[in-house]
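Let me begin by presenting the structure, written as structure tokens, before commenting on it.
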Amino acid sequence: MDMEACIHTAAEVIRSRSSLQPQVGLILGSGLGDFCDGLQNAGKIPFSELPAFPQATVEGHCGEFWIGTHQEVPVLALRGRLHYYEGYPQNVLTIPVRVMALLGIKTLILTNAAGGIHPRLSPGSLMLLQDHINQSGSNPLIGSNLGEFGPRFPDMSEVYDAGLRNDVLLAARKEGMDLACGTYLMYSGPSYETPAEIRFFGKIGADAVGMSTVPEAIVARHCGMRILGISCITNMAAGILQKKLSHEEVLETANCIKPKFLRLLDLAVHASVQA
Ligand code: HPA
């Protein structure tokens, strides 16, 4: 099955499983999938039930679409995402974004766990993405352009929607929730960065670093979606503290931030349908 057929078939299967018309899409990062447990009228579709669909392989990422309502808003959430470091080309790992576009989703909330580079960040901080730097070494739009989704050379001057970000910042401020804003840099992984790489990334303008999000954001902009990006800072990046990095620490901190992160998603979903 070619890629376009795989995307269309997945959209048809999801459509056939629920009468909801999802308005907001979410991609949930490492250890951040619990949002799905709070959905009403929820149904889940594991990637394994979608013909020719790529499969998720990482601990803490199960690979399922969840459809349901969140505070009355119909949403489609990806619990567990596909990563470049798993060996998937970026046009493959972003298939779920295009499935969401075919299902009529206009706003996408992208979340991730990230290492903090900027000194104002600390483990437990939440950062809204203002922009990104693609240091992954690839681009999901390489190859023939899928013209039904968007143009050959899409503009990337405002990947993360400023209006939506401001609405979320205002709503968070009203409840006394402290949010940072900054630039996210994608590194391929799966090894963490070296201290020298982190010094370099800080110098070129990165506030946080992670191994995801950028391919999905590029594809979502190609499809004309509005994007809100959220990083959960689970650790300080390599060399900033005298401490080694581990996936266990990332999952542990993600777990501690969970209540604040879930509250932020409430505000973000609400803001997505107000604007
Ligand atoms: N680097 C890359 N990816 C990450 C990190 C990090 O420090 N923390 C969580 N994901």
Side-chain angles (χ1 to χ4, degrees), residues 26-35 56-63 78-88 90 93-94 109-138 140 160 179-218 228-258 260-262 264-265:
L26 297 104
I27 297 187
L28 302 164
S30 295
L32 304 173
D34 288 11
F35 169 82
T57 63
V58 195
E59 190 194 332
H61 289 270
C62 42
L78 199 70
R79 187 174 206 166
R81 57 150 57 88
L82 303 166
H83 294 86
Y84 190 42
Y85 62 70
E86 291 173 85
Y88 292 114
Q90 293 193 2
L93 69 91
T94 49
I109 300 174
L110 288 170
T111 71
N112 59 58
I117 299 177
H118 194 282
R120 221 171 65 75
L121 298 172
S122 56
S125 298
L126 293 173
M127 183 185 95
L128 299 188
L129 274 59
Q130 233 160 14
D131 206 346
H132 71 223
I133 298 173
N134 184 2
Q135 274 280 319
S136 70
S138 188
Y160 304 91
L179 292 180
C181 281
T183 298
Y184 173 91
L185 180 144
M186 179 183 170
Y187 177 76
S188 70
S191 58
Y192 287 109
E193 306 72 29
T194 64
E197 285 163 345
I198 293 300
R199 286 195 298 277
F200 169 59
F201 295 161
K203 284 197 172 126
I204 63 171
D207 298 304
V209 60
M211 304 176 192
S212 68
T213 302
V214 166
E216 292 121 317
I218 292 171
L228 180 77
I230 306 173
S231 284
C232 284
I233 306 301
T234 52
N235 57 282
M236 291 315 283
I240 293 184
L241 305 175
Q242 300 315 310
K243 196 173 164 194
K244 293 194 171 171
L245 273 54
S246 74
H247 188 54
E248 289 66 37
E249 183 197 359
V250 167
L251 294 179
E252 224 167 81
T253 315
N255 200 39
C256 294
I257 324 179
K258 204 182 293 170
K260 186 175 165 192
F261 173 74
L262 291 177
L264 176 56
L265 287 186

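Every number for a ligand or one of its atoms is a count from 1 in the order of the listing.
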What verdict does the side chain to side chain contact (heavy atoms under 4.5 Å, CB included) test give for Leu185 and Ile204, after you've listed the backbone C-alpha separation in whole Å, the side-chain angles of each residue and the deciding distance to 0.1 Å? CA-CA 10 Å; Leu185 180 144; Ile204 63 171; 4.0 Å; yes
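If you check the side chains of Asn112 and Ser212, you find no donor sitting under 3.5 Å from an acceptor.
For ligand 1, the atoms sitting less than 4.0 Å from at least one non-hydrogen atom of Val209 are 1 (N), 2 (C), 3 (N), 4 (C), 5 (C), 6 (C), numbered in the order shown with element in parentheses. Here is the list of ligand 1 atoms found below 4.0 Å of a heavy atom in Leu245: 7 (O). Atom numbering of ligand 1 starts at 1 in the shown order; those under 4.0 Å from a heavy atom of Thr234 are 8 (N), 9 (C). Every atom of ligand 1 with a heavy atom of Ala114 under 4.0 Å away is listed here by number and element: 5 (C), 8 (N), 9 (C), 10 (N).
Contact record, Lys243 with Glu249: NZ-OE2, 3.1 Å, taken as the closest heavy-atom pair. Contact detail for Thr234 and Ala254: the closest heavy-atom pair is CG2-N, 3.9 Å.
For the atom pair CD1 of Ile230 and CG of Leu129, the computed distance is 9.0 Å after rounding to the nearest 0.5 Å. Note: Ser231 OG to Leu110 CG = 10.0 Å, rounded to the nearest 0.5 Å.
For the ring-ring contact (aromatic ring centres under 6.0 Å, His included) with His132, the qualifying choice from Tyr187, Tyr160, Phe201 is Tyr160, the only one to do so.
At the top of the distance list for atom 1 (N) of ligand 1, counting protein heavy atoms only, stands Glu193 OE1, 2.9 Å. In terms of protein heavy-atom proximity, atom 3 (N) of ligand 1 is nearest to Gly210 CA, 3.4 Å. In terms of protein heavy-atom proximity, atom 10 (N) of ligand 1 is nearest to Ala113 O, 3.3 Å. Of the protein's non-hydrogen atoms, the one nearest atom 5 (C) of ligand 1 is Gly115 N, 3.4 Å. If you check which protein heavy atom lies closest to atom 8 (N) of ligand 1, you get Asn235 OD1, 2.7 Å.
For the salt bridge (Lys or Arg N to Asp or Glu O under 4.0 Å) condition, the pairs that include at least one residue of residues 199-218, sequence neighbours left out, are Arg81-Glu216.
Residue Ala238 does not touch ligand 1, judged by heavy-atom distances below 4.0 Å.
Ligand 1 has Tyr192 within reach: a non-hydrogen atom of the residue lies less than 4.0 Å from it.
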